[in-house]
2 protein chains.
Amino acid sequence: MSTSLTEPRTPAAASATGPAAGTLPAPLSAEELAAWRGLLCAHAMLVKALDAELEAAHGFPLSSFEALEALASASGRRLRMCELAERARLSRSGLTRLADRLERAGLIERVDCASDARGSFAVLTAAGTAVLAAAGPTYADVIRRRLLDQLSEADLARLGRVCERVLEASPAREARGSGCCA
Amino acid sequence: MSTSLTEPRTPAAASATGPAAGTLPAPLSAEELAAWRGLLCAHAMLVKALDAELEAAHGFPLSSFEALEALASASGRRLRMCELAERARLSRSGLTRLADRLERAGLIERVDCASDARGSFAVLTAAGTAVLAAAGPTYADVIRRRLLDQLSEADLARLGRVCERVLEASPAREARGSGCCA
DNA sequence: ATCGTGTAGTTGCGCCAGCAAGTATCCGGA
DNA sequence: TCCGGATACTTGCTGGCGCAACTACACGAT
C-alpha cells in the first residue's frame, strides 16, 4: 500500500544487499527509518524548547546564545566573523545580520582587525558577558532535563562517538573552498 | 577564562551534584556538551546534504519530500492538512503554503472532506507518486551513506531507543490544545 | 610596480517559516 | 433553536536565513 521507504526488509539482509549490488540503494528498514525520524523529531523538539525558553527568560533565541557562547569561550572573548559564522553554523551573510542584532543590543562590538584590514572581530561586551552568564543556566537546564536526563552514561558516550564518526565521515565543508581566517 | 558551560567537572560528579542541590542547574560537562553539539552538527550536516541532493536530483527540498512521503504511507494516499502538518513538523500556515507549492507542481490535490466541511485532504496525485518513487532512492542513499553506514547494529538500536525516550519524556505538543483531526 | 586571483565582510533579493487574525464550520448545552 | 466556544484552514505580516553580487583588501607572480 505504501510506495517506498517502509518496505519491510530483514535487518540482517541490509548489510548483505546494501553495499554489494550497487544498482539501486537498499531502502531503509523500519528500524533505520525510525532512528532517523527519531533524530529529526528529537532535534526539532530540543531546538524549539531551547528557543522558547531562552526567548521567554532572556529575550533572545538559541542562535544568539550560540554565538555569544562561542565568543565567551574564545580567547580574548573575540572571534573573526567567519570563524564565528562557522561555529554558529550560519552563512557569512547570516552572521552579518545576527551580529548586527547583537551589536544593536549592545552584547557584542565589532572591532577592526589590525593585521588584516578586510576583517573584523566580534567581541563580547561586558553586557554580553553578563547576559550570557544569566542565560547559561537556562540553556543547561533545558538540555539536561530534556536530553541528558534520558541518557545513561553509556548512551551519552556512545552518542558522542557516533556523532563524531558521522561528522568526520562527511566532507561537510564540501562545496566550499574553506580556508578563511586563522 | 570562559564564563560558563565548559567548566570542567568530573563526569562522575554530574549525577551526584546534578539533581540533588536544586538551586542552580549543574553546568554541562565537556562530554555532555560534546554530545549535544555533535547532535546539532550531525543534524545540520544531514539535513543540508539531503536538501541539496534532493533539490539537485529531483528539484524539490527535504520538506516537500517528507510531506509527500507522509502522504504515500497514509491509507488512501491522503491526509488531513493538520495531520500532515504534524508529520512534516510544520505549523498549519507553513503547511498551507507548502501544499500550495506542491499543488501548483501537480504533486498533490486538495479535496474537501465530506464529513467535515471545514477540513480538506491533501491527496497524492499520480505524478506525485511517481516523483516520490524517483526521489526515494536518493533520500535513502544519503541517509545510508552519511548516517547509517557509520552506525553499528548496536548503535542503531540504541539511537532509536534513545530518541524515543527523549521524545516521550517531553510534552512536545506542550503549548497546543492539540486535538485536531481524527 | 602592477595585475590577477582569492578571501572577508556586507548588501540586495527572494524563500520559507511562524504568529496572529480572519472565516467557515462543528458541537455541546441552555 | 440558538449560542458560545473550539477547530480547520487561510491570509497578512514579519523575521531570519542563504545565494549571488559587490567592495575592499591581501598576496603571489611577472
Would you kindly compare A:Gly119 and B:Asp116 by the position of their nearest DNA chain C nucleotide and give the one closer to the 5′ end?
A:Gly119
Tell me which nucleotide among D:dA8, D:dC25, D:dC19 gets nearest to the side chain of B:Arg80.
D:dA8
Quick one: is C:dC19 close enough that its OP1 or OP2 comes under 4.0 Å of any side-chain N or O from B:Ser91?
no
With a 4.5 Å cut-off on side-chain heavy atoms, are B:Val123 and B:Ile108 touching?
no
Given atom CD of A:Glu55 and atom C1' of D:dG15, what is their separation to the nearest angstrom?
11 Å
Looking at A:Thr138, A:Leu147, A:Ile143, which one forms a side-chain contact (heavy atoms from CB on, under 4.5 Å) with A:Leu50?
A:Ile143
If you find the nucleotide of DNA chain D closest to A:Gly94 and the one closest to A:Ala117, which residue's nucleotide is nearer the 5' end?
A:Gly94
Return the residues of residues 99-110 of chain B meeting this criterion: a heavy atom under 4.0 Å from some atom of DNA chain C. Order them by number, or give none.
B:Arg101
Do the side chain of A:Ser93 and the base of D:dG18 come within less than 3.5 angstrom through a donor-acceptor pair of N or O atoms?
yes
Return the set of residues passing side-chain hydrogen bond (donor to acceptor under 3.5 Å, both in side chains) with A:Arg87 (not counting sequence neighbours), or none when no residue passes.
A:Glu83
Nearest whole Å is fine: how far is D:dC19 C1' from A:Arg92 CZ?
13 Å
Ignoring backbone atoms, establish whether A:Arg118 has a side-chain N or O less than 4.0 Å from OP1 or OP2 of D:dA26.
no
Between B:Ala122 and B:Leu71, which heavy-atom pair has the shortest distance, and what is it?
O-CD2, 3.3 Å
Between P of D:dG16 and CG of A:Leu62, the distance in whole Å:
14 Å
Does A:Arg97 or A:Ser120 map to a spot on DNA chain C nearer the 5' end, using the closest nucleotide for each?
A:Ser120
Do A:Phe60 and A:Leu102 pass the side chain to side chain contact (heavy atoms under 4.5 Å, CB included) test, and can you show the C-alpha distance, the side-chain angles, and the key distance before you say yes or no?
CA-CA 9 Å; A:Phe60 55 85; A:Leu102 294 176; 5.9 Å; no
Starting from C1' on C:dA17, measure out to NZ on A:Lys48 and report it in whole angstrom.
11 Å
Please report the distance, rounded to the nearest Å, between CG in B:Asp51 and P in C:dC15.
15 Å
Under 3.5 Å, is there an N or O donor on one side and an acceptor on the other linking the side chain of B:Ser63 and the base of C:dC16?
no
What are the two closest non-hydrogen atoms of A:Arg78 and A:Val111, and how far apart are they?
NH1-CG2, 3.7 Å
Using whole Å, report how far CG of A:Leu79 lies from C1' of C:dG9.
15 Å
Separation of A:Leu90 atom CG from C:dT10 atom P, in whole Å?
13 Å
Which heavy atom of B:Leu39 sits nearest a heavy atom of A:Leu39, and at what distance?
CD1-CD1, 3.8 Å
Could you state the atom-to-atom distance from CD of B:Glu86 to P of D:dA8 in whole Å?
10 Å
